[in-house]
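Report on one structure; see the data block that follows.
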Amino acid sequence: MCATKRIICLLLCCSWAQAQLESQEGKIDWPWTRQNKTQKVPLQAQSQSPVQLPNFDFAEMDISSFQSGFERHPCRRVCQQGQSQRCYYQLVVHNYRRLGAECQRCQYDERACAQEQCIYGDGVPNPVMAVNRQVPGPPIELCENDTVVVDVLNYLSEPTTMHWHGVHMSRTPEMDGVGYVTQYPVQPGEVYRYEFLADRSGTLWYHSHMGWQRGFGDAGLFLVRQPHQANPHARLYDYDLVEHALMVQDIFYDYQLQEVRNILINGKGRNHQSQLPDQDPRHRYERIKVTPGYRYRMRVVLNGVLNCPVEFSIEQHKLLIISADGNDIVPVLADGFFLTSAERFDFVLEANQYTKNFWIRLRGYEQCEQRKLYQGAVLSYRGAAKSALPPNDILQRQPQPQQGRSLPEPRLIINDYRYANATFTAQRQSQLRQAGIGGGAATAPAPKDVGTVSLRSLQPVPWPRYSKFLTYYSHLSIRQAANGELLFQTDEISFDTSGISLLQGRQLYRDDAHYCNRSSLAAQGRSCARETCECVHVIRLPAYRAIEIVVVNHMDSTHPIHMHGYTFRVVAQRVLGNQNDLRNIQELDRRGQLPRLSDDYAAVEKDTVQVPALGYVILRFISDNPGFWSYHCHIESHAIQGMTAVLKVGENHQMKRIPAKVRC
Ligand SMILES: *[C@@H]1O[C@H](CO)[C@@H](O)[C@H](O)[C@H]1NC(C)=O
Ligand SMILES: *[C@@H]1O[C@H](CO)[C@@H](O)[C@H](O)[C@H]1NC(C)=O
Ligand SMILES: *[C@@H]1O[C@H](CO)[C@@H](O)[C@H](O)[C@H]1NC(C)=O
Ligand SMILES: *[C@@H]1O[C@H](CO)[C@@H](O)[C@H](O)[C@H]1NC(C)=O
Ligand SMILES: [Cu+2]
């Protein structure tokens, strides 16, 4: 109780919280920071007398007084031009359990779960980090141009931050939510106010950007809608409801952070520890309700934690895919799509079947494939038996062609990173239209699954024709440190967290004393091929230029790369297949062997993209958002083990002045 009062007090007396700046930075080895990383003395940004936080007993905190969801929030409305609002939310981040003590009644009666604030999950007891007693956290829904005000109350026993994935934060770089990059972490018992403009629409999401918290469930949907007349896809669907949005997450059990154990859909799903069949009523599946004859906009986000890309499809239904990572695309009618960590697709589902239940199917790849992980949710037509499950197994084999009969309809799967080479030519598109989409022309060649670069944005590229791009080659690799620890690296550097927050402290230190990068280390005569390089990796990019990053993956596993502050265009994605070519990529490029999509092709806009194993992607953007932007692999363990860098875009003076009271 006392602790609750303290949080509320903090809410009111932010200036008091402000005084704690740097009191604890870097001194505490929080349990989820990287294991056995070399301890170093933190830099103190300002010599303020440290104020000790009193010890809280977090287990005793009373969180029952907080509102858990935002179903009746005034900002959840039909969006209209010029009617922006100020939208306030409280997110309480706290330790909780799947199948905890709250679940006693819920275990036997599904309807009791909501009342008891039970997180049933997959029916396996496990620690989680919840937001307002929910995993995933409550969806936030608002309209473009709304001002978002969120108080994040840290009831965890470790520092936290909240990142608003997909929001560019162009006026408020200090609201990006990356600890020691754009803000100081929010200490236990503290509250931090995020305030920013929702200056774009789309399927976005929020998640903690500290340690393993996202893996413990600290994430939720952030849906920004547009007025009907501004929405180019508005006429393609009848409903756009949060009930039809799915957040998918791969999870670990207990504290075995490197072992993927299940994939959940909106926090629910089949228990893979049990040997029970898919249809056993002890499995609790998410149910999505539709009425025949209507078209629904559905949104899917993968909060991917380990290396577990998923393939998404719906039994007996086609998906008209209309948006990638919250950016409108030329619609593609497909049978399914792949998602890698942090990617999103929106699609229109036409409820054109009879009153029945169908499986929404997820199949796991990479680490999830090794564990044979898959998951289902139920697409339930109005009038179908309320708690019944579809009769088939969740995953069905592909129908095999039978002799004397026409071939089965070829399936079109979008964003399949295993086919990174395949592109969508006009000819191919018409083949596809004939084949899968127009309905079973058996003679058409079976379309291959298509990679990300095949998608097309509704917006032409923003740079003038024949722009000269400044190209940066960024290399992803792995290295074993002398102590046996595995380090994931960009440009052969493992990221080490800075003791001062880069954005806030930028005027206080000379760059070369504080940061490192490939060229600065080389200038010091250090060879990261021979020794282990671990430092505050900052790549400098000039502001307001056409920039191109060639991300090269030297590993035989994939990495979903995410860039903060920007939406980029993916102009190439390809497998090279051997180290020699990868090492000589600059030379290959000079010889013109790394083709890009032409400027006539409206390359797809994304904020996260899969870099294929032994391959590369090429990203382009205009660097019109000066600041310090995290650039990292979105697999949580890889980022924690060093596959992170910061893009410093522009000079210090080009960046927005950060208000003195950055903590409130
Ligand atoms: C949001 O603001 C931008 C720029 O001021 C404007 O172009 C756009 O129409 C606005 N959108 C809405 C929904 O009001
Ligand atoms: C670091 O971790 C590795 C692997 O987990 C272990 O073998 C090694 O002993 C550890 N080193 C230190 C200094 O703790
Ligand atoms: C590397 O860091 C140094 C010192 O901060 C900076 O001068 C240089 O521009 C950086 N180089 C790159 C490629 O980012
Ligand atoms: C992609 O293309 C490269 C060469 O251009 C080839 O070596 C590789 O096998 C191709 N990969 C696939 C999956 O087709
Ligand atoms: Cu990775």
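Numbering of ligands and ligand atoms starts at 1, following listing order. All values reported here derive from a predicted model rather than from experimental measurement.
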Query raised in the report: Can an N or O of S520 be found at a distance shorter than 3.5 Å from an N or O of ligand 3?
Result: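 It does not: no N or O of S520 is found under 3.5 Å from an N or O of ligand 3.
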Query raised in the report: Does an N or O anywhere in N517 fall below 3.5 Å from an N or O of ligand 3?
Result: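 Yes; the residue has a nitrogen or oxygen that sits under 3.5 Å from a nitrogen or oxygen of the ligand.
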Query raised in the report: Can an N or O of N145 be found at a distance shorter than 3.5 Å from an N or O of ligand 1?
Result: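 It does: an N or O of N145 is found under 3.5 Å from an N or O of ligand 1.
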Query raised in the report: Less than 3.5 Å between some nitrogen or oxygen of Q80 and one of ligand 1, yes or no?
Result: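 Min N/O separation from ligand 1 is not below 3.5 Å for Q80.
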Query raised in the report: Looking only at heavy atoms, what is the nearest atom pair of P232 and D328, with distance?
Result: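 Smallest heavy-atom distance, with atoms named: CG-OD2, 3.3 Å.
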Query - Minimum heavy-atom distance S341-T608, with the two atoms named - result: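 That closest heavy-atom pairing would be O-CG2, 3.3 Å.
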Report task. Answer with yes or no whether A230 contacts ligand 1, where contact means a heavy atom under 4.0 Å from a ligand atom. Result ->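 Contact check A230 vs ligand 1: negative.
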Query raised in the report: Within less than 4.0 angstrom of ligand 1, does S84 place any heavy atom?
Result: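 No, S84 has no heavy atoms under 4.0 Å from ligand 1.
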**Report entry** Basic-acidic side-chain contact under 4.0 Å: R86, D146
**Finding:**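 No.
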Query raised in the report: Is the shortest distance from a Lys or Arg side-chain nitrogen in R526 or E531 to a carboxylate oxygen in the other one below 4.0 Å?
Result: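 Between E531 and R526 there is a salt bridge, with a charged N closer than 4.0 Å to a carboxylate O.
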For [atom], the protein heavy atom that lies nearest, with its residue and separation:
atom	value
atom 5 (O) of ligand 3	D511 CB, 3.4 Å
atom 14 (O) of ligand 3	R540 N, 2.7 Å
atom 9 (O) of ligand 1	Q81 NE2, 2.7 Å

Requested in this report: Below 4.0 angstrom from a heavy atom of S519, which ligand 3 atoms are there? Numbered from 1 as shown, please.
Outcome: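 This gives 1 (C), 10 (C), 11 (N), 12 (C), 13 (C) as the contact atoms.
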Report task. State whether the number of non-hydrogen atoms from other residues, nucleotides or ligands found under 6.0 Å of R77 atom CZ is greater than 12. Result ->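 Atom CZ in R77 is packed in, count exceeds 12.
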Does the plane of the ring in [X] sit parallel, tilted or perpendicular to the ring in [Y]? Use 30° and 60° as the thresholds.
X	Y	result
H475	H554	tilted
F70	Y89	perpendicular
W164	F196	tilted

Requested in this report: Test H564 against every option in V178, T182, V181, V167 by the side chain to side chain contact (heavy atoms under 4.5 Å, CB included) rule and name the one that passes.
Outcome: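 Single side chain to side chain contact (heavy atoms under 4.5 Å, CB included) partner of H564 among V178, T182, V181, V167: V178.
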Query - Numbered atoms and elements of ligand 1 in range of P227, under 4.0 angstrom, heavy atoms - result: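 Every atom of ligand 1 under 4.0 Å from some heavy atom of P227: 13 (C).
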**Report entry** Numbered atoms of ligand 1 (with element) below 4.0 Å of E144, judged on heavy atoms
**Finding:**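 Listed by number with element, the hits are 11 (N), 13 (C).
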Requested in this report: To the nearest 10 degrees, calculate the angle at the Cu ion (ligand 5) involving SG of C633 and ND1 of H559.
Outcome: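 My answer is 130°, to the nearest 10°.
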Query raised in the report: Is there a protein heavy atom at a distance of less than 4.0 Å from atom 3 (C) of ligand 1?
Result: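 There is a protein heavy atom less than 4.0 Å from atom 3 (C) of ligand 1.
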**Report entry** Under-4.0 Å protein heavy-atom contact, atom 7 (O) of ligand 3
**Finding:**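 Given the 4.0 Å cut-off, atom 7 (O) of ligand 3 does not count as touching protein heavy atoms.
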Query raised in the report: Is the distance from the Cu ion (ligand 5) to the nearest N/O/S atom of H634 under 2.8 Å?
Result: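 Here the distance criterion (N, O or S atom, under 2.8 Å) is not met by H634, so no.
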Query - Residue from H209, H634, H632 passing ring-ring contact (aromatic ring centres under 6.0 Å, His included) with H165 - result: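 Exactly one candidate clears the test, H634.
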Report task. Tell me, with the steps shown, if Y237 and D346 meet side-chain hydrogen bond (donor to acceptor under 3.5 Å, both in side chains). Result -> CA-CA 12 Å; Y237 52 87; D346 294 17; over 6 Å; no
Report task. Looking only at N, O or S atoms, find the one in H638 nearest to the Cu ion (ligand 5) and name it. Result ->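 For H638, the N/O/S atom sitting closest to the Cu ion (ligand 5) is ND1.
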